[in-house]
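Single-structure report; data block below.
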Amino acid sequence: MYDKNNIFAKILRKEIPCEVVYEDDQVLFFYDINPQAKVHILGIPKKKVVDFRDFILRLDQSTVQYFFTKIIDVINGLGLDQKGYRLIINNGRDANQEVPHFHIHILAGENLKGIR
Ligand code: 5GP
C-alpha cells in the first residue's frame, strides 16, 4: 500500500524542496540529499508506485518506457554518458529501500569502484 506521506510524495507535492534536474507532468529527477558519488540523481515517476514490482506491473508500458527514456535524456543532457554511470534500484527490505516510492539512482561523475 502506498504511503502518501513518504518523503518523495512530499517532494512531489512541493511540501519539501529539492534541487530539480528535470521535471515534467510524468517524472521528476532531482539531486540526492546525501550523495554517494560526485553526481547522484534520483529519478521518480509521479504515479503512486511503491517499488520496482509495482512500477512495472501496475503502470502501462508507455509510462514505463517514458520513464526509462527520460533517464537516458537526463544522462545525455548532463554529458554523463561520455564517461559512464551506474543505475541502482533498491527494492524492499533486504536492499534497504528507504523511501517507499519507486525511484532509480543515477551515480556518475567519478570512477564508481567501491561505490554502490
Ligand atoms: P533508497 O535507499 O530508498 O534506495 O534511497 C533513498 C534515497 O533518498 C537516499 O539516497 C537518500 O539520501 C535520499 N533522500 C532521502 N530523503 C531525501 C530528501 O528529503 N531529499 C532528497 N533530495 N533526497 C533524499
Side-chain angles (χ1 to χ4, degrees):
M1 184 117 116
Y2 186 80
D3 170 14
K4 64 180 177 33
N5 287 319
N6 78 74
I7 201 99
F8 293 170
K10 291 180 179 175
I11 285 175
L12 284 172
R13 290 196 298 269
K14 315 290 182 203
E15 293 167 12
I16 293 176
C18 71
E19 201 181 333
V20 175
V21 177
Y22 174 82
E23 180 170 20
D24 63 24
D25 59 331
Q26 291 193 53
V27 300
L28 172 65
F29 289 81
F30 56 103
Y31 286 103
D32 195 293
I33 204 167
N34 182 24
Q36 301 301 307
K38 278 195 181 139
V39 178
H40 188 170
I41 294 166
L42 298 169
I44 62 177
K46 291 196 170 180
K47 297 266 190 206
K48 295 177 172 59
V49 279
V50 174
D51 57 16
F52 184 58
R53 176 196 158 87
D54 211 14
F55 174 65
I56 296 293
L57 297 184
R58 279 212 310 109
L59 300 188
D60 55 87
Q61 274 186 30
S62 63
T63 307
V64 171
Q65 184 176 8
Y66 185 84
F67 179 70
F68 280 103
T69 303
K70 280 297 161 195
I71 294 172
I72 293 289
D73 289 349
V74 165
I75 287 167
N76 290 353
L78 295 175
L80 302 177
D81 53 319
Q82 305 287 318
K83 295 184 88 178
Y85 52 87
R86 179 172 296 150
L87 302 178
I88 297 174
I89 296 169
N90 292 319
N91 194 92
R93 233 177 328 168
D94 275 359
N96 299 306
Q97 181 182 354
E98 187 187 310
V99 182
H101 180 115
F102 170 68
H103 52 281
I104 194 158
H105 298 254
I106 302 170
L107 297 173
E110 63 182 300
N111 190 288
L112 298 169
K113 193 172 180 195
I115 295 175
R116 47 195 178 121

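When a residue number appears, it is its place in the shown sequence, counting from 1. In listed order, ligands and their atoms are each counted from 1.
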Practice prompt. Could you tell me which non-hydrogen atom of Leu12 sits nearest to which non-hydrogen atom of Pro45, and how far apart they are?
Written response: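 In this case the closest contact between Leu12 and Pro45 is CD1-O, 4.3 Å.
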Scan the side chains in residues 48-55 for donor-acceptor partners under 3.5 Å anywhere in the protein, sequence neighbours excluded, and list what turns up.
unit_1, atom_1, unit_2, atom_2, d
Asp51, OD1, Arg53, N, 3.4
Asp51, OD1, Asp54, N, 3.0
Asp54, OD1, Arg58, NE, 2.7
Asp54, OD2, Val50, N, 2.8

Check ligand 1 against the protein and report each N/O to N/O distance under 3.5 Å, formatted as atom name, atom name, distance.
unit_1, atom_1, unit_2, atom_2, d
ligand 1, 2 (O), Asn96, O, 3.3
ligand 1, 2 (O), Glu98, N, 3.4
ligand 1, 3 (O), Glu98, N, 2.7
ligand 1, 3 (O), Val99, N, 3.0
ligand 1, 3 (O), His103, NE2, 2.9
ligand 1, 4 (O), Asn90, ND2, 2.9
ligand 1, 4 (O), His103, NE2, 2.8
ligand 1, 4 (O), His105, NE2, 2.8
ligand 1, 5 (O), His103, NE2, 3.1
ligand 1, 5 (O), His105, NE2, 3.3
ligand 1, 10 (O), Asp32, OD1, 3.3
ligand 1, 10 (O), Asp32, OD2, 2.5
ligand 1, 12 (O), Asp32, OD1, 2.5
ligand 1, 12 (O), Asp32, OD2, 3.4
ligand 1, 22 (N), Tyr31, O, 2.9
ligand 1, 22 (N), Ile33, N, 3.3
ligand 1, 23 (N), Ile33, N, 3.3

With a 3.5 Å cut-off and sequence neighbours excluded, list the donor-acceptor pairs that the side chains of residues 27-36 form with protein atoms.
unit_1, atom_1, unit_2, atom_2, d
Asp32, OD1, Asn34, N, 2.7
Asp32, OD2, His40, NE2, 3.3
Gln36, NE2, Asn34, O, 2.9

Worksheet item: Looking at CG of Asn91 and CG of Asn96, how far apart are the two atoms once the value is rounded to the nearest 0.5 Å?
Response: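 Here the rounded value is 12.0 Å.
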Could you list the donor-acceptor pairs under 3.5 angstrom formed between side-chain atoms of residues 71-90 and any protein atom two or more places apart in sequence or on another chain?
unit_1, atom_1, unit_2, atom_2, d
Asp73, OD2, Lys70, NZ, 3.3
Arg86, NH1, Leu112, O, 3.2
Arg86, NH1, Ile115, O, 2.3

Item to complete: Please confirm whether His105 and His103 have ring centers closer than 6.0 angstrom.
Response: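 Yes, they do, as the ring centres are separated by less than 6.0 Å.
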